[in-house]
Amino acid sequence: MNENQITGHPFKKGAPLPFKDKLKETLGMTENLKNQPRQLDKNYDPLQIEDKWYKFWEDEGCFAADPKAEGDHFSMVIPPPNVTGSLHMGHALNNLLQDILARYHRQQGRNVLWMPGTDHAGIATQNVVERQLAAEGLERHDIGRERFIERVWQWREESGGTIINQLKRLGSSCDWSRERFTMDEGLSKAVREVFVTLYEEGLIYQGDYIINWCPRCHTALSDLEVEFEEHNNGKLWDLEYPLADGGGSIIVSTTRPETMLGDTAVAVNGEDERYSDLIGKEVILPLMNRRIPIIADDYVDREFGSGAVKITPAHDANDFEVGVRHKLEIIKVMDEKGLMNENAGVYAGLTREVCREQVISDLNELGLLPATQDYQHNVGHCYRCQTIIEPYLSNQWFVKIKPLADRAIAAVKDGETRIIPKSWEKTYFNWMENIRDWCISRQIWWGHRIPAWYCDACGKMIVAREDPDCCPECSSSNLRQETDVLDTWFSSGLWPFSTMGWPESTETLKKYYPTSVLVTGFDILFFWVARMMMMGLKCMDEVPFKDVYIHALVRDEHGHKMSKSRGNVIDPLVIIDQFGADALRFTLAAFAAQGRDVSLSEARISGYRNFVNKLWNAARFTLMNLEGFSPDVAIENRNFSLAERWISHRLNQTVGEVTSALDEYRFNDAASALYQFTWHEFCDWHLELAKPDLFQREDEVRRTTAQAVLYRTLEQIIRLLHPIMPFVCEEIWQTLPRSAAAPKSIMQTTFPKVTLESDDALAAQEMAQVMEVITAIRNIRGEMNLSPGQRLEAVIKGSDENAINALQRNSDCIANLARLTSLTIAKDAQRPPQSAAGLAAGLEIFVPLAGLVDFAQEATRLAKELKKTEKEFAGVSNKLNNEKFLAKAPPEIIEKEQGKHQELEHKLEKLRVNIRTLEQVTES
RNA sequence: GGGCGGGUAGCUCAGUUGGGAGAGCACCGGCCUUACAAGCCGGGGGUCACAGGUUCAAGCCCUGUUCCGCCUACCA
């Protein structure tokens, strides 16, 4: 049987060690297993169980929110992924963090709603279906609007569920029964309600302005949907415009010479003496031979270029403003596809790019191109298709945003909504305070059609909640609906309440709005978060969320952005197949420090996969040793061993750490506290310490106590880990024995709580001494290259009676973990001849090594230790010799330093003695 | 142009009111040890970007310099 084939793991496994399994058989382990409840396989295989438990949770209704349920509630709305999308690491991180919160708050007994759904992503989705049509040799206009929209819905039926299923593979515990889509009937109704209301209040208006036009998508875009990119191959051309009166010329500079065909003025600064006598005169626009005026406007910067600017009101936002101020003629020279139109004279029909070449060469021929220089400047690109954006004059719909923004600013300033990490508040304010009106109309077909109608008879425009049959003005039934649709983000802005049934006043809305937290990436802070704030305050009169948690980007292991072109994309689904969802989840959580990007690599995920396996094996060990155990037997009055008191104390502390970390969105702190405790305390120490108690058969009470503590600790660990690693924890939990009163799923267990009784500082202190001694002996073993199989003796002496007593009480543990045949602990113990020496817990430890090692090696080891200690001692001494330190530092710090000083002094003395003794041994 | 974040071990990064520099991975040595070689035990490794300052005490606070990211902006 080949394990690699079963698990699909592509890594090499160590060569099989057949005798090991034989060994277990001879020891009767397989025989023992028959008496046990259930056992786990040796290696954790996520593929075997993940789908099973996900289905179980869904079938049991574990994700369902109940607005009628009592108690505190906790609610979130998912940032709806594009319906066209498929899961990438950004989604994985975003949804993981939400899922951790949802599962955590459920365990805290809260009534949780996590509202899922998808976004119709107007332009992106339209592009996808257009590409499909193109493959069939068709354009959308060939089949018409209605059939095109049908095609989009059909496509959505077929593949719109993809991303939802991928979210499920990750483990997302959304209430899927409530799944919404921004184009759903209910949400569409909300959109229309908001549009009409804002229109009626004068907050939506229609008008001719310069907007960002994508000639390829064939639509207007909002300012946010334009991505600026530095072009360093740009040029700045000087153009010479002759004066109409023949008295010379004026030079203007431009990066876009093709727009000169639409120039209707040349502007200079009114204060600029160089041009004062030209103001009011006219120039002849070359190539077009049109007379245009020279005007004065403050907009012109005298320092830049020649100090004169060509004005093209139809193709530049600033020029448009100038044009309005000076009532200039507006001439469009391009059409909606980015081709030059009839106003461009002989250039009509050329593309923008070709026209530019032609204009340059024609001007050059006329001698009107005095200079050209290389020039770096920013060029806007369409965020969906990267085509260069054209500032374009057209009739569009806008939201007057200032009044909405003011409230959204106030809500954050007043603390109604907290932005976490707080550093993002500044960005939020900065954007909100400088916000400009929002262009919401799009000239595409897929989206919410604007509820406005034009009467062909009398020209009246009607904006209405219900489709009108006839014109209220002239009763004509000759009505045409506006063909534009709304910006997708208009409907996304309503998401926190539209998904809950608004504008109806539903129970869900009453219970769960405002939501507790929104978890999202900073890339959509303006696009989405800011707009939800504005819309929520406007429509609900209340903020949409109390907290906004902004997480970082997922990058590759070197901090580079993942991109297809770079080839460094890590596909979460491939990772889930390979390592399991829990490993991916834990990795992301462990790296999700606030305000810092997540650097991800397969190696890291495989590292955390090892952690999953470690947990798995700890559970496996526990199960192997629970023979005869029942979770319902009370153990409160038993005598606990030091190890048991200590692990309970540490578990209790870990509960506290994890709880406060999750309450404060410090996901990485929660993950590392659990990692540290589970692996390096529970597995490395407690399991080893518990073994003798579990394996012996003489003292039944001791054995069952050890079982109970082991069981309890593990069971609490998997509850704590459940929000981060739900699958493996459920599998373990379901395999462990449970009391009859236990719920059906670990999802429904309560999150462990910090208890006063478990606090046991004494045990912690004593355990620290034991661990220190064990480590010291192991250190000698390690540095001397003595194999673990080599049994040793040890002698411990010292004047600290408390420490001696503590170690004597725990001598079995020490002997066991340090692998000793005998251990002598006494105040007046003798140093054995030819022994290695160590210091721990203020005591001296000797390990007789006669005949075992080369003592020169021991001398080196001690010399190293001495050097280290001397350095440390010098540091502390310096401090204590500093009078200012003694005068000004708080007493507890001074006391601490003094204690340290004494301890180190003692240690140095012992070390020196040991080195001398060793020298004598070696000499003799 | 404006703003924000960052520079800590070979790599990726933690470091919560200033008080003994940490983790994971990588590396070196030892190891089949009655859960786990996806493991166990031990170990080495840092002028906390640079320069000043405040302080008894600075990775942390202040000033400046430098390098790297990101966001934002209508300079033709």
Side-chain angles (χ1 to χ4, degrees), chain A residues 9 11 13-15 17 19-20 23-24 27-29 32 40 42-44 210 228 236 252-256 267 299-301 303-306 308-312 316-319 321 377-378 391 423-424 426-427 430-431 434 522-523 525-526 553 557-559 590-591 593 595-601 603-604 606-625 664 666 668-669 672 675-676 683-684 687-688 691 695 775 778-789 819 872 875-876 879 882-890 892-894 896-897 900:
Chain A
H9 293 170
F11 348 92
K13 298 212 23 124
L17 298 155
F19 65 88
K20 189 173 183 182
L23 184 73
K24 285 178 184 172
L27 288 169
M29 282 199 52
N32 283 345
L40 300 171
K42 187 169 167 185
N43 282 319
Y44 173 59
I210 297 274
F228 284 90
L236 186 67
V252 294
S253 301
T254 183
T255 54
R256 305 200 53 210
Y299 155 70
V300 180
D301 177 0
E303 306 303 316
F304 190 92
S306 64
V309 185
K310 60 189 272 311
I311 301 295
T312 324
D316 182 280
N318 290 310
D319 292 4
E321 301 288 323
H377 64 138
N378 284 332
S423 51
W424 285 105
K426 209 165 177 175
T427 312
N430 185 53
W431 188 75
N434 296 300
F522 60 78
D523 48 333
L525 180 62
F526 306 141
L553 243 52
E557 59 191 310
H558 302 295
F591 282 100
R596 196 121 188 184
D597 287 344
V598 174
S599 302
L600 200 66
S601 71
R604 270 168 214 163
S606 96
Y608 284 105
R609 183 273 320 268
N610 294 356
F611 175 64
V612 181
N613 199 51
K614 187 75 183 177
L615 175 69
W616 179 256
N617 273 291
R620 190 164 159 260
F621 172 82
T622 303
L623 282 162
M624 284 175 171
N625 290 287
E664 293 162 28
R666 289 182 288 111
N668 60 320
D669 288 341
S672 49
Y675 184 96
Q676 161 68 22
C683 293
D684 286 353
L687 291 190
E688 295 305 323
K691 277 178 183 174
F695 295 163
T775 303
R778 283 174 174 172
N779 172 271
I780 292 171
R781 185 190 287 279
E783 301 257 315
M784 294 293 119
N785 283 342
L786 295 166
S787 83
R819 308 183 74 78
E872 224 178 315
V876 178
K879 252 188 205 179
N882 185 342
E883 279 173 32
K884 286 180 181 168
F885 173 74
L886 295 174
K888 298 203 175 176
E892 65 270 19
I893 296 290
I894 297 176
K896 213 163 119 188
E897 291 297 319
K900 211 191 305 176

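Chain letters run A, B, ... following the sequence lines, proteins first and then strands; every chain starts at 1.
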Of the nucleotides [options], which has the atom closest to the [X] side chain?
X        : options                : value
A:Asn785 : B:rG39, B:rG29, B:rC25 : B:rG29
A:Asp684 : B:rC56, B:rC41, B:rU34 : B:rC41
A:Phe885 : B:rC13, B:rG19, B:rC41 : B:rG19
A:Lys42  : B:rU12, B:rA35, B:rC36 : B:rC36
A:Arg604 : B:rC11, B:rG30, B:rC56 : B:rC11

Heavy-atom side-chain proximity of A:Ile893 to A:Phe885 below 4.5 angstrom: yes
Measure the shortest side-chain to side-chain distance between A:Ile894 and A:Leu886 over non-hydrogen atoms and say whether it is less than 4.5 angstrom. yes
Checking [X] side chain against [Y] main chain: does a donor-acceptor pair fall under 3.5 Å?
X        : Y        : result
A:Arg604 : A:Ser599 : yes
A:Asn434 : A:Asn430 : yes
A:Arg781 : A:Ser787 : yes

Under 4.0 Å, heavy atoms only, any strand: does [X] hit a base, just the sugar-phosphate, or nothing?
X        : value
A:Asn613 : base
A:Ser787 : sugar-phosphate
A:Pro890 : base
A:Glu872 : base
A:Ala889 : base
A:Ala603 : nothing
A:Leu687 : base

Work out which heavy atom in [X] is nearest to a heavy atom in [Y]; give both atom names and the distance.
X        : Y        : result
A:Asp301 : A:Glu303 : OD1-N, 2.9 Å
A:Thr254 : A:Lys310 : CB-CD, 3.7 Å
A:Thr255 : A:Leu236 : CG2-CD1, 3.8 Å
A:Asn668 : A:Ala590 : CB-O, 3.3 Å
A:Lys614 : A:Cys683 : CE-CB, 3.7 Å
A:Val876 : A:Lys900 : CG2-CD, 3.8 Å

Can you tabulate the close N/O pairs, meaning under 3.5 Å, that link protein atoms to atoms of nucleotides 42-49 of chain B?
residue	atom	partner	partner atom	Å
B:rG42	O3'	A:Asn779	ND2	3.4
B:rG43	OP1	A:Asn779	ND2	3.2

It should be established whether [X] places a side-chain nitrogen or oxygen under 4.0 Å from OP1 or OP2 of nucleotide [N].
X        : N      : answer
A:Lys614 : B:rC40 : yes
A:Asn617 : B:rA38 : no
A:Lys900 : B:rG19 : no

Roughly, in whole Å, what's the span from [atom1] in [X] to [atom2] in [N]?
X        : N      : atom1 : atom2 : value
A:Leu600 : B:rC13 : CG    : C1'   : 13 Å
A:Tyr44  : B:rA37 : OH    : P     : 17 Å
A:Leu553 : B:rU12 : CG    : C1'   : 16 Å
A:Lys896 : B:rG19 : NZ    : P     : 9 Å
A:Glu664 : B:rU16 : CD    : P     : 13 Å
A:Asn43  : B:rG39 : CG    : C1'   : 10 Å
A:Leu615 : B:rG39 : CG    : P     : 13 Å
A:Leu786 : B:rC31 : CG    : P     : 11 Å

Decide if atom CD of A:Glu892 counts as having more than 12 heavy atoms of other residues, nucleotides or ligands within a radius under 6.0 Å. yes
Taking atom [atom1] in both [N] and [M], what distance in whole Å separates the two?
N      : M      : atom1 : answer
B:rA49 : B:rA9  : C1'   : 15 Å
B:rG44 : B:rA35 : P     : 29 Å
B:rC4  : B:rC25 : P     : 37 Å
B:rC48 : B:rC11 : P     : 16 Å

Closest-nucleotide mapping onto RNA chain B: is A:Ala593 or A:Cys683 further toward the 5' terminus? I mean the 5' end. A:Ala593
With side-chain contact (heavy atoms from CB on, under 4.5 Å) as the test, would you mind laying out the steps for A:Asn625 and A:Phe695 before giving the verdict? CA-CA 8 Å; A:Asn625 290 287; A:Phe695 295 163; 3.4 Å; yes
Determine, stepwise, if the pair A:Arg620 / A:Asn617 fulfils side-chain contact (heavy atoms from CB on, under 4.5 Å). CA-CA 5 Å; A:Arg620 190 164 159 260; A:Asn617 273 291; 3.0 Å; yes
Mind pulling the stems RNA chain B is in, i.e. runs of at least three Watson-Crick or G-U pairs, everything under 3.5 Å? B:1-7 with B:66-72, B:10-13 with B:22-25, B:27-31 with B:39-43, B:49-53 with B:61-65
With sequence neighbours excluded, what pairs up with A:Phe526 under the side-chain contact (heavy atoms from CB on, under 4.5 Å) test? A:Leu224, A:Thr427, A:Trp431
Could you run down the sub-3.5 Å N/O contacts of the protein with nucleotides 74-76 of chain B?
residue	atom	partner	partner atom	Å
B:rC74	OP1	A:Arg436	NH1	2.8
B:rC74	O2'	A:Asn318	ND2	2.7
B:rC74	O2	A:Asn318	OD1	2.7
B:rC74	O2	A:Asn318	ND2	3.2
B:rC75	O2	A:Asp301	OD2	3.2
B:rA76	OP2	A:Tyr375	OH	2.8
B:rA76	O2'	A:Ser253	O	2.5
B:rA76	N6	A:Asp301	O	2.5
B:rA76	N6	A:Phe304	O	3.2
B:rA76	N1	A:Asp301	N	3.1

List every contact pair, protein side and nucleotides 1-4 of chain B side both N or O, where the distance is under 3.5 Å.
residue	atom	partner	partner atom	Å
B:rC4	OP1	A:Lys426	NZ	2.7

Could you list the residues that satisfy ring pair (Phe, Tyr, Trp, His ring centres under 6.0 Å) with A:Phe522, not counting sequence neighbours? A:Trp424
